[in-house]
Amino acid sequence: MMIPIVIKKRTLIAVIVIIAILTAVILGVSLGTGSAEVGAKNRKVPVYSVQTSEKKVALTFDAAWGADQTVKIMDAVEKYGFKCTFFLTGFWIDENPELVKEIASRGHLIGNHSESHKHLNEVADLNAEIDAVNAEINTLTGASPKYFRAPFGEYDNNMMSTLESKGMQGVQWSIDSLDWKGLSAAEIAERVVNDLEPGDIVLMHNASDHIVEALPLILLSIQNKGLTAVRLDEMLYSENYTVNSQGIQIQNQ
């Protein structure tokens with residue numbers, strides 16, 4: 001008579017252990033998921049693209065090394081009646097002050113690309129990296145940048161909060177031309193225009209090998225798609241907006 005009782009106790013203990021393990025696993029997964037969701041909700045995201053019904057796109061050029069092609073870029077863009085945005089580093093500004101003035105005088109927008117083009121999570125003074133460039137551009141053009149693009153596209157909440165405190169927006173891109181990789185003009189143009197849609201922000205560089213040859217192909221395709229290339233401040237919302245977790249800037253209703 002004792003054997004059935006022992007078996008039942010062992011079975012009961014085994015069931016209890018299994019339930020305890022399953023409960024711990026389920027709770028662990030749930031807690032982990034919850035923590036990830038909380039982290040995602042608290043993450044500050046720069047603008048990658050804009051949700052818009054207007055047929056606008058933004059061509060942006062990062063300038064850190066080299067300046068010889070900058071005027072040719074402006075000539076090509078203006079031939080189609082378009083405007084663009086240049087993100088400038090502090091040392092590029094120091095080497096090309098007259099060109100900074102020309103960019104502004106020709107009606108293109110200037111953004112901030114940091115003073116040193118270093119990994120900004122490693123610099124001692126993030127504010128100095130931003131403020132120094134703003135001051136230089138203001139001195140040369142009379143206007144301070146409202147948009148910031150971090151070197152290497154590296155952002156974190158500290159940087160985003162710092163930009164917000166200065167009334168600036170962090171801007172990434174939705175289309176990467178990869179022009180810095182030595183692609184041919186045709187390859188650069190194909191990367192830019194194949195999936196180009198209203199609200200897209202295109203990343204290019206003012207000193208890449210084949211950007212001047214690629215631009216006519218890009219600009220003609222933009223025109224043929226019925227789109228217009230504009231400055232960032234002519235496409236991005238400056239107030240009453242939300243940036244979702246994918247970096248899409250949406251006008252609040």
Side-chain angles (χ1 to χ4, degrees), residues 46-50 55-93 95-96 99-100 102-103 106 108-114 116-120 147-155 170-232 235-236 246-248:
V47 178
Y48 285 74
S49 66
V50 179
K55 292 185 175 295
K56 296 178 179 180
V57 296
L59 303 180
T60 67
F61 298 86
D62 289 0
W65 296 276
D68 294 346
Q69 301 184 107
T70 306
V71 171
K72 293 178 181 179
I73 289 171
M74 290 189 285
D75 290 342
V77 171
E78 291 168 17
K79 182 178 179 180
Y80 285 81
F82 298 157
K83 296 296 180 184
C84 60
T85 300
F86 291 89
F87 282 97
L88 309 182
T89 59
F91 57 86
W92 193 93
I93 294 169
E95 294 170 0
N96 305 282
L99 197 48
V100 176
E102 184 175 353
I103 292 171
R106 292 177 67 160
H108 302 285
L109 187 65
I110 297 176
N112 187 325
H113 196 35
S114 84
S116 66
H117 203 276
K118 295 179 179 178
H119 296 279
L120 296 186
Y147 305 104
F148 180 85
R149 173 170 287 158
F152 315 105
E154 296 174 343
Y155 285 87
V171 177
Q172 291 272 65
W173 56 85
S174 52
I175 294 180
D176 187 349
S177 68
L178 294 182
D179 55 352
W180 57 273
K181 281 193 168 184
L183 301 183
S184 69
E187 290 171 326
I188 293 169
E190 184 178 6
R191 284 193 58 84
V192 171
V193 303
N194 267 6
D195 299 316
L196 191 66
E197 297 179 348
D200 273 327
I201 299 172
V202 181
L203 169 64
M204 293 177 280
H205 297 80
N206 74 313
S208 58
D209 291 341
H210 302 293
I211 189 59
V212 172
E213 296 91 340
L215 269 178
L217 302 174
I218 293 169
L219 297 166
L220 180 60
S221 294
I222 289 173
Q223 186 180 69
N224 289 341
K225 284 173 174 275
L227 299 169
T228 301
V230 300
R231 298 163 31 136
L232 279 173
M235 189 174 80
L236 270 65
Q246 285 75 49
I248 302 172

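Computed over heavy atoms, backbone and side chain alike; hydrogens, waters and symmetry mates excluded.
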So do the side chains of I73 and H108 get within less than 4.5 Å of each other, counting heavy atoms only?
no

Given L196 and V202, is the side-chain contact (heavy atoms from CB on, under 4.5 Å) satisfied, shown in steps?
CA-CA 9 Å; L196 191 66; V202 181; 3.8 Å; yes

Would L236 and Y147 count as a side-chain contact (heavy atoms from CB on, under 4.5 Å) if you check the C-alpha gap in whole Å, the side-chain angles of each, and the deciding distance to 0.1 Å?
CA-CA 10 Å; L236 270 65; Y147 305 104; 3.6 Å; yes

Strictly under 6.0 Å, is that where the ring centroids of W92 and H113 end up?
no

Does a sphere of radius 6.0 Å around CG in D68 hold more than 12 heavy atoms from other residues, nucleotides or ligands, not counting ones at 6.0 Å or beyond?
no

Just so I know, are the side chains of F87 and L232 near enough to count as touching, which here means a heavy-atom distance under 4.5 Å?
yes

Taking the side chain as everything from C-beta on, heavy atoms only, tell me whether T60 gets closer than 4.5 Å to W173.
no

Within a reach of under 6.0 Å around NZ of K225, are more than 12 heavy atoms found that belong to other residues, nucleotides or ligands?
yes

Evaluate the ring planes of H119 and F152, with Trp represented by its six-membered ring, and classify them as parallel (under 30°), tilted (30 to 60°) or perpendicular (over 60°).
parallel

Applying side chain to side chain contact (heavy atoms under 4.5 Å, CB included) between T89 and each of H117, E95, K118, report the one that passes.
H117

Is atom CG of N194 surrounded by more than 12 heavy atoms (other residues, nucleotides or ligands) closer than 6.0 Å?
yes

Does a side-chain heavy-atom distance below 4.5 Å link I201 with M235?
yes

Side-chain contact test, heavy atoms from C-beta onward, threshold under 4.5 Å: evaluate it for T70 versus E102 and give yes or no.
no

Quick one: are L227 and D200 in side-chain contact, heavy atoms under 4.5 Å?
no

Whether the H210 and E187 side chains hold a donor-acceptor pair (N or O, under 3.5 Å, no angle test) is what I'd like checked.
no

